[in-house]
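Throughout, protein chains are lettered first and strands after them, A, B, ... in sequence-line order, and every chain is numbered starting at 1.
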Amino acid sequence: MTLFHRSLWFLASLALLVGLIWGWQILADARVLPRAFFPGPDLTWRALKRGVANGSLLSDTLTTLRRMALGWALASLIGVALGAFVGTSAWARVWIAPMFEALRPLPASAIAPVAMLFLGLTDTMILTLIAFGALWPMLLTTVHGFSNIHIRRREVATSLGLSRSAFITKIALPGALPDIMGGLRLGLTIALILVVVGEMVTVQGGLGARILLAARAFNAPEIFAGIAVLGVIGLLTNAVLSLVETYALRWQRR
Amino acid sequence: MSLSEHATSAMDAPRDTVLTVQEASVRYGATTVLKDLSLSLNRGEFVCVIGPSGSGKTTLLRLLAGLLTPVSGSVDFRGQPHRAPSRDIAIVFQDYTNALLPWRDAEGNVSLALEAAGVPRAERRDQIHALLRTVGLVGSEGKFPAEMSGGMQQRLQIARCLAQKPDVLLMDEPFGALDAMTRQKLQDELLGIVAESQVTAFFVTHDLEEAIYLGDRIIALEPNPGRVSQIFDVPLPKPRNQLTTREMPEFLRLRRQLFDFIERYEQ
């Protein structure tokens, strides 16, 4: 696609977004639902501005971002390391991989009460929750990437006399990177969901707690403001990761 | 006569041998792929291997590479039992796409061999450039394999193999996937490289004329189970020339003999 076409499509999707917000305003003004439960973009915007002015929105956003990033990084580290081990070892594939299949479908939010019992209402509990939930896509894609190394690459490695660690860092890991990047993106989405769940359970600051408290105070504009910020976080973190992916896999586009 | 009819002729060559196979058999499950095969490679010679499909050409190459171990018999490399791949034996695979690393550019792919051999970073750059010059890839240092033609990618793989500073260069139909013009050009370049580096070359091909053009000796394998059928000496003068060598009576006579040999199995 040419640059012209791409900017055209970007403008079109932007126009759609503006249209949707405008429609939202019309619905809110028509009082389809009580204004106290369903504020329009105008009230939401006012709540956002208020939050920014008194600094609370910014500090909550940063808290949520920090937890999300730490939990996701933890999940990535464990997922890729464990996945590399299982993917390169035939023994581990037989003995450990089936266990993943049993644990993977477990909804991570169901783990929240258990994590709470053991770790209390702490940051550690939130990070554990995120790490547990976001681990699976990274683990499974890494196992897949590592167990699908072309036989020729293994032969090249043995004929060059590459050590096992050099084989992993120089051949297996870069070869599995396209799969791993997909897992990292899926994990990021899950991390955002679980940071909100964790914050709503612990109520120790952050956007999740902010939304929960606003709901208890029947402060609908504040809820919508929090949701809007979460939407922007999802959009931006995903965009940043896409950029990283484009750079890391630039050899694929040739 | 240059034609030696008996399969064991390689055995009584007392010259400086690099790789020796004695009575080796290879089996995949119940099928015997190679049976009691004997052969030796002399230092600096260019040996080509031909044979109908199923005669175990690639298996023989993998045996020499140390990627396979025989169920009986032995393989010796420089007088020692050869059981695992060695850095001194380089392999040029036919499927260069899988053999090269797509995420490394030309320099990076050659560098892999130097990294494996523990060459210090500071010395790599000069060596890489010299190797890329040898295979005619100057100006493509920063290109990724996907940006190169098939011929260039195969040149790159050869450069990586030369980076191993091998005693033996094993090639498994390396030019099989290339067009005729590129193939002839690479044949000449390969002859030049082998002559200069004094490496021992072992070249599997299904192209009979290519075998004559490149080889000092041609080993003809027959199938079911794979074994040495005949060994042809190639007394053509060097350096060879794509036009004049291919017109020589000796070339045409060998061509006739090899075609007659292959035809027996292609019915």
Using non-hydrogen atoms only, which part of A:L249 is less than 4.5 Å away from chain B: side chain, backbone, both, or neither?
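Neither part; nothing is under 4.5 Å.
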Next item on the list: Please state whether the rings of B:F46 and B:F203 are parallel, tilted or perpendicular, taking 30° and 60° as the class boundaries.
Entry: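 Judged by the thresholds at 30° and 60°, the geometry between B:F46 and B:F203 is tilted.
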| query | Can a cation-pi geometry be assigned to A:R250 and A:Y247, taking NZ or CZ under 6.0 Å from the six-membered ring centre and within 45° of the ring axis? | reply |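 Geometry flag: set, cation within 6.0 Å and 45°.
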Inset, instruction - Would you give the length of the straight line joining atom OG of A:S159 to atom CG of B:D88, rounded to the nearest 0.5 angstrom? - result: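 Those atoms lie 11.0 Å apart.
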Atom group of B:A113 that falls short of 4.5 Å from chain A, counting heavy atoms: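 Its backbone and side chain both get close to chain A.
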**Which portion of B:S111 sits near chain A, non-hydrogen atoms under 4.5 angstrom** =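 Nothing of B:S111, per the 4.5 Å heavy-atom cut-off to chain A.
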| task | Looking only at non-hydrogen atoms, find the nearest pair between B:G151 and B:L178 and report the distance. | result |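 For B:G151 versus B:L178, the nearest heavy atoms are N-CD2, 3.5 Å.
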